[in-house]
Structures are given as C-alpha cells and as structure tokens.
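All figures in this text were calculated on a predicted structure; none of them were measured in a lab. Numbering of residues begins at 1 and proceeds along the displayed sequence.
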Amino acid sequence: ASVQGSTTKSRTTLILETVADLKSQLDSLDTEETAIAADAKIIAEEERRYIATDELIKGAVANYNREYRAFQVENQRNANEISAHNQAPCTTTQDKPNACDWYEARANRLNTEKYQLADRHKTFELRHKGLTDRRAELTAATVASFHRKKENNYRSIELAGRANGQMQR
C-alpha cells in the first residue's frame, strides 16, 4: 500500500507542479500581452499625431507656395521696372540742373525695393529649409513608428502562437 500511495502522491505532486508551471507561463503571456497592447496604443497615438502634423505641414507648404508665387510676381515686376527705368535715362541741361531729380528718386525707390525683396527672398529660403527639414523629420519618425508597429505586430503573432501552444498542452 505504501508504494501505491507514494506513486499517487508523486503523480499528484507532478500534476500540481505542472499546473503551477502552466499558470506561471500563462501569467507571463498575459503580462506580455498587456505590454504589447500598451505599445500598440502608444504607436496608434503616434500615428494620429503624425497624420495631424503632416496635415499642418501640407497647409504650411501650400501657404508658402502661394506666398512665394506672389513674391516672384512682385520681384519680377520690380526687375521689369528697373529695366524700363534704366532704358529711359534722364539728362539734365545747364538751364535745368534739377530736371532729373524725379528720375533719381525713382531709381532710389526701385533699388530700395530690390534690396528689400532680396531680404525677403532670404526669408523664403529659410522657411523652405525649415519646411523641408520638418518634412524629413516627420518622415523619419513615421518610418520608425512603422517599424515599431511591425515589430509589435510580430510580437503579438508570436505571443499568440506561444499561447496557443500552451493551451494545447
């Protein structure tokens, strides 16, 4: 009777240990699943922010393009006025030494405008660089987020496979 009691006790102990081990493994799987779900939530929020940021950048680019086209028209107008002004020089005579004052005043105004337009062009270049840099940063962040999402999905599939294997035991 003692051999049979010992075998029953060993089986019971073995079953209890197996159940405890399985419970521990399932708890571990549950913890991993919770972490994967939390990561998925963070990644989804990042994606929403990236989409919103992309829309803002698209709007900024559209504004920039509209303003730059208007600037180009204004710059061309100034260049045309300077060209026309320079093609029709004014000459003075001894009896009218101030006859070209208006001409010189116009030349000064056109040149001042030309320098202001050159400064504005520098500002447009800086804005363009800023928009280009921001677009590149967003692209890099989006690609990194895509890879994190892909890795998280892989972890989820791998976890489901392990959980399925545990359930079949």
Exercise. Not counting sequence neighbours, list each pair that qualifies as a disulfide bond (SG atoms under 2.5 Å apart) and has a residue in residues 62-96.
Key: C90-C100
Can you see whether [X] engages [Y] through a side-chain donor-acceptor pair at a distance of less than 3.5 angstrom?
X   : Y   : answer
R66 : N63 : yes
Q87 : S83 : yes
Q25 : D21 : yes

Practice problem: Carefully, step by step, assess I82 and E113 under the rule side chain to side chain contact (heavy atoms under 4.5 Å, CB included). | Solution: CA-CA 10 Å; I82 288 174; E113 185 177 328; over 6 Å; no
salt_bridge([X], [Y]) N-O dist < 4.0 Å:
X    : Y    : result
K41  : E45  : no
E151 : R148 : no
E47  : K149 : yes
R155 : E32  : no
E125 : K129 : no

Quiz item: Is there a donor-acceptor pair closer than 3.5 Å between any side-chain N or O of S28 and the backbone N or O of S24?
Solution: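 No; zero donor-acceptor contacts below 3.5 Å.
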Quiz item: Within the distance-only criterion (no hydrogens, no angle test), does the side chain of N152 pair as donor or acceptor with the backbone N or O of I36 below 3.5 angstrom?
Solution: yes
Quiz item: For the residue pair L29 and L159, what are the closest heavy atoms and their distance?
Solution: CD2-CD1, 3.1 Å
Quiz item: What pair of heavy atoms forms the shortest contact from S145 to I43, and how long is it?
Solution: OG-CG2, 3.9 Å
Counting C-beta onward and ignoring hydrogens, is there a side-chain heavy-atom pair between [X] and [Y] closer than 4.5 Å?
X    : Y   : value
R109 : E81 : yes
V73  : R69 : no
T93  : K96 : yes
N98  : T92 : no

What's the spacing between [X] [atom1] and [Y] [atom2] if we round to 0.5 Å?
X   : Y    : atom1 : atom2 : value
H85 : N111 : NE2   : CG    : 8.0 Å
Y68 : R120 : OH    : CZ    : 11.0 Å
T18 : K23  : OG1   : NZ    : 15.0 Å
D54 : R134 : CG    : CZ    : 10.0 Å
Y64 : I57  : OH    : CD1   : 15.0 Å
R49 : L138 : CZ    : CG    : 11.0 Å

Quiz prompt | Evaluation steps, side-chain hydrogen bond (donor to acceptor under 3.5 Å, both in side chains), between Q76 and N80 | solution = CA-CA 6 Å; Q76 187 60 51; N80 291 344; 2.9 Å; yes
Quiz item: Do the ring planes of F71 and F124 sit parallel (below 30°), tilted (30 to 60°) or perpendicular (above 60°)?
Solution: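 Tilted: the ring planes of F71 and F124 meet at 30° to 60°.
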Practice problem: Each residue besides Y103 in its hydrophobic cluster should be listed here, by chain and number; the cluster joins Ile, Leu, Val, Met, Phe, Trp and Tyr at side-chain heavy-atom distances under 4.5 Å. | Solution: W102
Quiz item: If two hydrophobic side chains count as joined below 4.5 Å and joins carry through other members, does L117 share a cluster with L110?
Solution: no
Practice problem: Would you indicate whether H121, at its atom NE2, is surrounded by more than 12 heavy atoms from other residues, nucleotides or ligands within a distance under 6.0 Å? | Solution: yes
